[in-house]
Protein chains: 2
Amino acid sequence: MNGKILQLRAKSETVLVPNYAKLDFANCPVRDVLQQIGGKWATLLMTALAEKPHRFGALRRMVPDISQRMLTQTLRDLQRDGYVDRTVFATTPPSVEYRLTELGRSLYQPVALLLDWANANHEAVRAARSRFDEAAL
Amino acid sequence: MNGKILQLRAKSETVLVPNYAKLDFANCPVRDVLQQIGGKWATLLMTALAEKPHRFGALRRMVPDISQRMLTQTLRDLQRDGYVDRTVFATTPPSVEYRLTELGRSLYQPVALLLDWANANHEAVRAARSRFDEAAL
DNA sequence: CTGTATCCACAGCGATACTG
DNA sequence: CAGTATCGCTGTGGATACAG
């Protein structure tokens, strides 16, 4: 149990060093994953791709409120981490298909559970917030 | 399947409105949860508290590289969302105990699965990144 | 159709100092 | 011991314009 904590937090040695934040991030692989999940679009795109592969434009239509910039960037990040495969078809006009890799599909399993939890319990969270904010008066 | 997507993304009506970002966040409960997970300290503190309740100072020692400010703030956020209970003991000096609520414990289940995944697969992610960055030359 | 490049606003987080 | 207040940096994400 303690081991899990140690893996999540920064290395203890670096605590002695001033301005250690940048160094630590490189040493915490768990954050690499959580960072994506916490990002605004990553889980959403993974959900879309979990259904079936999609093209750039299709994803754009499925998530109409994402900017082109963030769609490209998020897909790049997912590809970089090995969650998504990008295939270019040299047609005219060119088309690009994105699909979940094996790694991506395996990551999506626990992620989906989390999404289910969020959907099931957001009412409770809302209520807790209201109570807290009420009491803070 | 489509329903899940719709719940995750912002409401479609607001797409028509300029500068709709702020409005949407209030309408997307799933993000409320993911936001915390993606935060730098929330999952770490939940992991610590999943073991057993702890006092402020104990948490500070368990996570030596967290600032006082972020420890307080993260605990407040967790408390606000109903994941954590805060109990003040009117001793001298005063002590405060934090413990996971039922809701917090239920959230921690899927979160723990995600952490396990991250621990198990961060090597693969690292490798994928290296390959990607290599190819980008 | 599928991107890149640039600029900018805001929120998250850290450092530091102060308080009941 | 357990916070609060203030400041400043940095990273994330949005708007817009341009390109192969």
Side-chain angles (χ1 to χ4, degrees), chain A residues 9-10 14-26 28 31-32 34-45 54-61 63-79 84 86-98 136, chain B residues 9-10 14-15 17-26 28 31-32 34-45 54-79 84 86-98 136:
Chain A
R9 71 168 171 81
T14 58
V15 179
L16 306 168
V17 187
N19 228 350
Y20 48 81
K22 283 158 199 163
L23 298 173
D24 293 341
F25 268 111
C28 188
R31 276 208 229 284
D32 291 345
L34 298 193
Q35 202 87 3
Q36 289 287 350
I37 308 306
K40 192 167 179 182
W41 304 110
T43 52
L44 180 46
L45 290 178
H54 286 291
R55 288 180 37 196
F56 189 89
L59 290 171
R60 198 154 162 51
R61 280 187 297 278
V63 191
D65 49 350
I66 192 175
S67 66
Q68 226 169 7
R69 181 192 187 281
M70 288 317 294
L71 180 53
T72 301
Q73 183 176 307
T74 306
L75 287 171
R76 276 289 179 286
D77 290 343
L78 292 175
Q79 185 194 355
V84 159
R86 178 176 180 271
T87 314
V88 182
F89 296 101
T91 57
T92 45
S95 71
V96 180
E97 190 190 74
Y98 293 89
Chain B
R9 72 171 171 78
T14 58
V15 179
V17 186
N19 229 347
Y20 48 82
K22 282 158 199 160
L23 298 172
D24 294 341
F25 268 111
C28 187
R31 278 208 226 283
D32 291 343
L34 299 193
Q35 202 87 4
Q36 290 286 351
I37 309 305
K40 191 167 179 182
W41 304 110
T43 53
L44 179 46
L45 290 178
H54 287 290
R55 289 176 40 193
F56 189 90
L59 290 170
R60 198 153 162 52
R61 279 186 297 278
M62 294 173 79
V63 191
D65 48 349
I66 191 174
S67 65
Q68 226 169 9
R69 184 192 186 287
M70 287 318 294
L71 180 53
T72 302
Q73 183 176 307
T74 306
L75 286 170
R76 277 287 179 288
D77 290 343
L78 291 175
Q79 184 195 356
V84 160
R86 178 177 180 272
T87 316
V88 182
F89 296 101
T91 56
T92 43
S95 71
V96 181
E97 191 189 74
Y98 293 89

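All values derive from a computational prediction rather than experimental measurement. Worth knowing before you read on, the calculation uses all heavy atoms, side chains too, and leaves out hydrogens, waters and symmetry mates.
As a whole-Å value, the separation of B/R86 CZ from D/dC1 C1' is 12 Å. Per the geometry, CD1 belonging to B/I66 stands 14 Å off P belonging to D/dA2, to the nearest Å. Here the P atom of nucleotide C/dT2 and the OH atom of A/Y98 are 8 Å apart, to the nearest Å. D/dG11 atom P lies 15 Å from atom CZ of A/R31, rounded to whole Å. Across the protein-nucleic acid pair, B/F56 atom CZ and C/dG20 atom P stand 17 Å apart, rounded to whole Å. A straight line from CD of B/E97 to C1' of D/dG3 spans 17 Å, rounded to a whole angstrom. Between the CG atom of B/L44 and the C1' atom of C/dC13 there is a distance of 15 Å, given to the nearest Å. Computed from coordinates, the B/L59 CG to D/dG3 C1' distance equals 14 Å when rounded to whole Å.
Distance from the side chain of B/Q35 is smallest to C/dG12 among D/dT4, C/dG14, C/dG12. Side chain of A/S67, nearest nucleotide from C/dG14, C/dT2, D/dG14: D/dG14. Considering only the side chain of A/W41, D/dG13 comes nearest among C/dG14, D/dG13, C/dT4.
Contact annotation: the side chain of B/I66 never approaches that of B/L44 to less than 4.5 Å [non-hydrogen atoms, C-beta and beyond]. By the 4.5 Å heavy-atom criterion applied to side chains, A/Y98 and A/L78 are not counted as neighbours. Side-chain contact between B/D77 and B/Q36 is present, with heavy atoms from C-beta onward closer than 4.5 Å.
Between the CG atom of A/L45 and the CE atom of A/M70 there is a distance of 9.5 Å, given to the nearest 0.5 Å. Between the CG atom in A/D65 and the CZ atom in A/R60 there is a gap of 11.0 Å [rounded to 0.5 Å]. In this structure, CG on A/L71 lies 10.0 Å from CZ on A/R76, to the nearest 0.5 angstrom. Here A/R61 contributes atom CZ and A/R55 contributes atom CZ; the two are 7.5 Å apart, rounded to the nearest 0.5 Å.
End-to-end axis angle of the helix from C/dC1-D/dG20 to C/dG20-D/dC1, using five pairs per end and rounding to 10°, comes to 50°.
OP1 or OP2 of C/dT2 lies within a sub-4.0 Å distance of a side-chain N or O belonging to A/R55. In terms of phosphate contacts, B/R69 brings no side-chain nitrogen or oxygen within less than 4.0 Å of OP1 or OP2 of C/dC18.
Each of B/Q68 and A/A58 has a nearest nucleotide on DNA chain C; the 5'-most of these lies closest to A/A58.
In this structure, A/Q68 has no side-chain hydrogen bond (donor to acceptor under 3.5 Å, both in side chains) partners at least two apart in sequence or on a different chain. Partners of A/R69 under the side-chain hydrogen bond (donor to acceptor under 3.5 Å, both in side chains) rule, at least two apart in sequence or in another chain, are A/Q73.
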Quiz: residues 88-96 of chain B side-chain donor-acceptor pairs under 3.5 angstrom, not counting sequence neighbours:
from, atom 1, to, atom 2, distance (Å)
B/T91, OG1, B/P93, O, 2.8

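Within residues 70-77 of chain B, the residues having any heavy atom closer than 4.0 Å to DNA chain D are, in order of number, B/T72, B/R76. Proximity of residues 88-96 of chain B to DNA chain D (heavy atom under 4.0 angstrom from any strand atom) is restricted to B/P93, B/P94, B/S95, B/V96.
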Could you go step by step and tell me if A/L75 and A/W41 meet the side-chain contact (heavy atoms from CB on, under 4.5 Å) rule?
CA-CA 9 Å; A/L75 287 171; A/W41 304 110; over 6 Å; no

